[in-house]
**Q** 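I have a structure here, written as structure tokens, and I will follow up with some questions on it.
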Amino acid sequence: MKTDFLVIGSGIAGLRAAIELGSYGNVLIVTKDRYFESSSSYAQGGIAVVMGEDDTIAHHMEDTLRAGGGICRKKAVSVLIREGPSFVEQLIRWGARFDKSGGEFLIGLEGAHSRRRILHFKDSTGEEIVRVLREKALENPKISKLPKHFVIDLMIRKDRCVGAVLLNEESGEVCPVIAKATVLATGGAGQVYWRTSNPPGATGDGIAAAYRSGGVLTDMEFIQFHPTIFALPGAPAFLITEALRGEGAVLRNIRKKRFMPNYHPLGELAPRDEVSRAIVSEIKRTGGDYVLLDATPIRPAILKDRFPTAYTACRRYGLDITRDLVPVSPGAHFMIGGVETDTWGRASVRGLFAAGEAASTGVHGANRLASNSLLEGLVFGARAGVAAADFAESHRMPSGIKRRAADIKVRTQNNTSASLQTDRLNHIRDAIKNTMWNHVGIIRSATSLEKALREIELLASAMNPYGPYSQLTRSELEIVNMLTTARLIVLSALKRRESVGAHYREDFPLWGGKRRHIRVQVS
Ligand code: SIN
């Protein structure tokens, strides 16, 4: 298969890149799940953008830099905040709906923002933006989609990315797709943790593939934990949006006492890393496995109208957020690090571009400001598209790949190992999640990280009997990617012997004060 541009992932960043590329050639969007499945679709709160009269680009930049703990790349922050408003206006022209009252946008507030600047559509903003971008992308006959195809690996020839090798999940066949330029927009890896807001597909596939291909990854130690993930014992974990706290909800310990003002002057609206650590400390102090989110200060009519996702999801488990306190606890939410790129999405491998959660432009520093990620997907997705188109202008379609692809064992998949060993695979998957949760979570130390590394290496050797990498099934490949990503998080966390933003080391509780980024690359 040949295409001018290969886009891997159909969240906001991937779709926005594809829309840009559709003016320059044929685009193939590949997804391992259904076409519309992505982490972006689950984003509830909104999109942060300078809109209000009391807000300015300078205020939004200051808030982003402050939340980032002093190590954001300022150039990337400037691009995001300055270009953000025009991308959002374009989205509105394309049909995106955001909540309004009396003809004016209702602008929300979230943690660490000094001004109201969150545009939202109820509490399903991500889904609304993805809807608009998906429709826009598919209006262009040059853009096509290929769901249910898993990226086994990127293809690299003479230090250039020339496409990817895919596994057709239905037929089990392995097929190479050759492209002039490839955009990775595969999202994050929340599934390496026991409790996460991420969908099941967030297994770090793109990040691990970029690493194997020789790409530079950066800031992998920074995993943002969202403070309020539903934590009712026996029920699944899901996100309870921070926007509720923006509208007045408060956190209480299991004795029903409000505690955030004891930890931070901004109370419940402190940056996410501070709120998550305060919850861990409060749970330790008062016992139990969770704290309680009290949304009763918000009027019931507003709760039902503005937060239907949270209201309905909690109702499913017998809780009425207009009356009941909701058990919540932090969970892995956002991968701040990833494939290192410049502000045009260019990765260190020629012909490879990355955007969204899979990429690391340095825009989030050590801790992402709430609701900056949907904006990041839009702005840097489009910029990666522009840069990929520019690259394709001066590079011909790779040739002579067919024979070389055969060298990497293009052949029909043998699925027998998967069906026979599902229980064992589930056991390995759970063990990764527990190891990362127990030893590489909100609070870390050299001892916990070294323990995690030993456990991950043992689990990696447990994958050996599953056969060579090129013969694995989708679930086996996902586990290999989870192990790779988990290992890189641990190695980076060991290297950062200080505490900053989302990375807290109890053996090094202070920040050294230097803006530096930890890079990892296959040696
Ligand atoms: C939320 O709604 O709390 C999550 C949105 C985000 O991560 O920016």
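In each ligand, atom 1 is the first atom listed, and ligand 1 is the first ligand listed. Start at 1 with the first residue, then count along the sequence. Values below: all heavy atoms of this structure, side chains included; hydrogens, waters and symmetry mates excluded.
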**Q** Within 45 degrees of the axis of the six-membered ring of Y193 and under 6.0 Å from its centre: does K433 put its NZ or CZ there?
**A** no
**Q** Is a side-chain donor-acceptor pair under 3.5 Å present for E268 with Y263?
**A** no
**Q** Kindly write out the residues that satisfy side chain to side chain donor-acceptor pair (under 3.5 Å) with H517, not counting sequence neighbours, or none if the list is empty.
**A** D219
**Q** Relative to F334, does R368 satisfy both conditions: NZ or CZ under 6.0 angstrom from the six-membered ring centre, and within 45 degrees of the ring's axis?
**A** yes
**Q** How would you list, by chain and number, every residue that makes a side chain to side chain donor-acceptor pair (under 3.5 Å) with H59, sequence neighbours excluded?
**A** R115
**Q** When you look for protein heavy atoms under 4.0 Å from ligand 1, which residues do they belong to?
**A** Q44, G45, H226, L239, T241, E242, R272, H333, R368, A370, S371
**Q** With sequence neighbours left out, what residues match D294 under side chain to side chain donor-acceptor pair (under 3.5 Å)?
**A** R252, T296
